[in-house]
Every structure is written in C-alpha cells, then in structure tokens.
Amino acid sequence: MITDLVQIRRLGEKKHAENERFRKHLKTREWAEKQLRRAAREIQEKFDCRQCAECCRVTEVEPTRRDIERLSKFLGISTREFIAKYTMIAEDKSRILKRSEKKGCIFLSGNDCTVYEARPLDCSGFPHLMKGAGSIPAKMWAFVERAEFCPIVYNWMEEAKKLTKFR
Ligand code: SF4
Ligand code: SF4
C-alpha cells in the first residue's frame, strides 16, 4: 500500500495512459460491482483521511445551495455573507469554495477541516468510490484523475487491476 503523496502523484501521472486503458477495460466488460466495491471498502478502511487532506488542497468544491445554508448556519452568518466571504468564481464560471493554489480550500487548517461537521456533501463522500450514485465503471473517468493525488483511489485501482486480471 502506497501512502506517500509525492509517490502517489508520480506514479499516478506515470500510469495515466495505463489507467485510461483500465477505464475502457472496465467499461467494456461485465465485472462484479460488489467485488470492486469490497476492494474499495477494504482500502478505504485502512486510511485515515485526516492524516492526508490532499483532496482539500488540490480539488475545487462546488457547494450546493443546501451546503451553503448548512455552512452559513454553522458559522453563524447569513448565506449572503457566506457567499461573499467564502466562495469565488472558478475558471469555468462555477461558484466554488474559496481556495488558493498554495493552501487549498479556505477551510483547511493544517490537515484539518475547520467546518468538518458542516462540510459539503461532496467533501464527505470523497473520493466517491463507495458513496454516490452510479456504478464504479461509469465513474471511472473521474478516478483516473483522482489516482494522481488520492492514495485511496490509487491503491484501489491497482487492486482492481489484479481482481479483473488487467495487464
Ligand atoms: S470544506 Fe473541508 S473537507 Fe471540504 S475541501 Fe474544504 S477543508 Fe476539505
Ligand atoms: S479522500 Fe483521498 S485525497 Fe482525500 S484525504 Fe482521503 S486519502 Fe487523501
């Protein structure tokens, strides 16, 4: 199991083309979703995301209206104030939680989420291997990119390649 974030970045990028092939491999064959999910659960149980927090540094979070309401309530401010203070417009014009390239999400402090109890649903379900709608093969397009920074996804993908006899 590889946990070092520098290694994950290096290996994930190096295996990008292979992982793209694996995505197609899963899509064009019938695999037991149960088996893939069981492997995901076993890998996820071994990780403590609070020791990592890499997704909070590298991804953009688009909060839903309900996320904004919950976060505003948690912080004791109005939704209007929340939007002004804690969100920004991304390159693709969507509204995301304020972030910087250097520090990541505005709510990240060290490896801790300062709004953990009220964090957006997208954050609590990340990396969405176990949670969320859709089968694993249908979501593979996102996992190829996530394998380049998330240790759970990287290690799961390597395990899934063995399970499906991909090479
Ligand atoms: S809200 Fe919290 S969990 Fe979500 S990206 Fe920001 S720091 Fe991470
Ligand atoms: S979901 Fe992945 S990137 Fe995010 S904290 Fe957990 S192991 Fe790290």
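Please read all numbers here as calculations on a predicted model, not as lab measurements.
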Given the rule that I, L, V, M, F, W and Y join up when any side-chain heavy atoms are under 4.5 Å apart, are [X] and [Y] in one cluster?
X: Ile106; Y: Phe74; result: yes
X: Val58; Y: Ile8; result: no
X: Ile43; Y: Phe143; result: yes

Donor-acceptor check, side chain of [X] to backbone of [Y], threshold 3.5 angstrom: yes or no?
X: Lys139; Y: His128; result: yes
X: Asp112; Y: Thr114; result: no
X: Trp156; Y: Leu36; result: yes

Test item: [X] and [Y] side chains (from C-beta on) under 4.5 Å apart, heavy atoms:
X: Cys52; Y: Asn111; answer: no
X: Val61; Y: Cys123; answer: yes
X: Arg10; Y: Gln7; answer: yes
X: Lys27; Y: Met140; answer: no
X: Pro137; Y: Glu33; answer: yes
X: Arg57; Y: Glu54; answer: yes
X: Thr64; Y: Leu121; answer: no
X: Leu97; Y: Phe107; answer: yes

Quick one: [atom1] on [X] to [atom2] on [Y], what's the gap to the nearest 0.5 Å?
X: Phe166; Y: Asn19; atom1: CZ; atom2: CG; answer: 7.5 Å
X: Arg37; Y: Glu42; atom1: CZ; atom2: CD; answer: 14.5 Å
X: Cys105; Y: Arg99; atom1: SG; atom2: CZ; answer: 7.5 Å
X: Leu26; Y: Met157; atom1: CG; atom2: CE; answer: 8.5 Å
X: Arg23; Y: Glu18; atom1: CZ; atom2: CD; answer: 14.5 Å
X: Leu163; Y: Gln35; atom1: CG; atom2: CD; answer: 5.0 Å

Can you tell me which residue pairs pass the side chain to side chain donor-acceptor pair (under 3.5 Å) test with a partner in residues 140-154, sequence neighbours excluded? Lys15-Tyr154, His16-Glu148
Would Glu158 and Lys161 count as a salt bridge (Lys or Arg N to Asp or Glu O under 4.0 Å) here? Give the steps. CA-CA 5 Å; Glu158 291 309 298; Lys161 285 174 193 169; 2.8 Å; yes
Considering all heavy atoms, the nearest [X]-[Y] contact:
X: Pro151; Y: Phe47; value: CB-CE2, 3.4 Å
X: Ile152; Y: Pro127; value: CG2-CG, 4.0 Å
X: Pro120; Y: Arg70; value: CA-NH2, 3.6 Å
X: Thr164; Y: Phe22; value: OG1-CE1, 3.3 Å
X: Phe126; Y: Thr59; value: CZ-CG2, 4.2 Å

Judged by modelled atom types alone, do Asn155 and Lys46 share a side-chain donor-acceptor pair under 3.5 Å? no
Take Arg41 and Arg38, measure what side-chain contact (heavy atoms from CB on, under 4.5 Å) needs, and give me the verdict at the end. CA-CA 5 Å; Arg41 192 179 55 244; Arg38 192 184 315 124; 3.6 Å; yes
Atom NZ of Lys14: over 12 foreign heavy atoms under 6.0 Å: no
Pair up each side-chain donor or acceptor in residues 78-91 with any protein partner under 3.5 Å, not counting sequence neighbours, and list the distances.
unit_1, atom_1, unit_2, atom_2, d
Ser78, OG, Glu81, N, 3.0
Thr87, OG1, Ile83, O, 2.6
Thr87, OG1, Arg95, NH1, 2.9

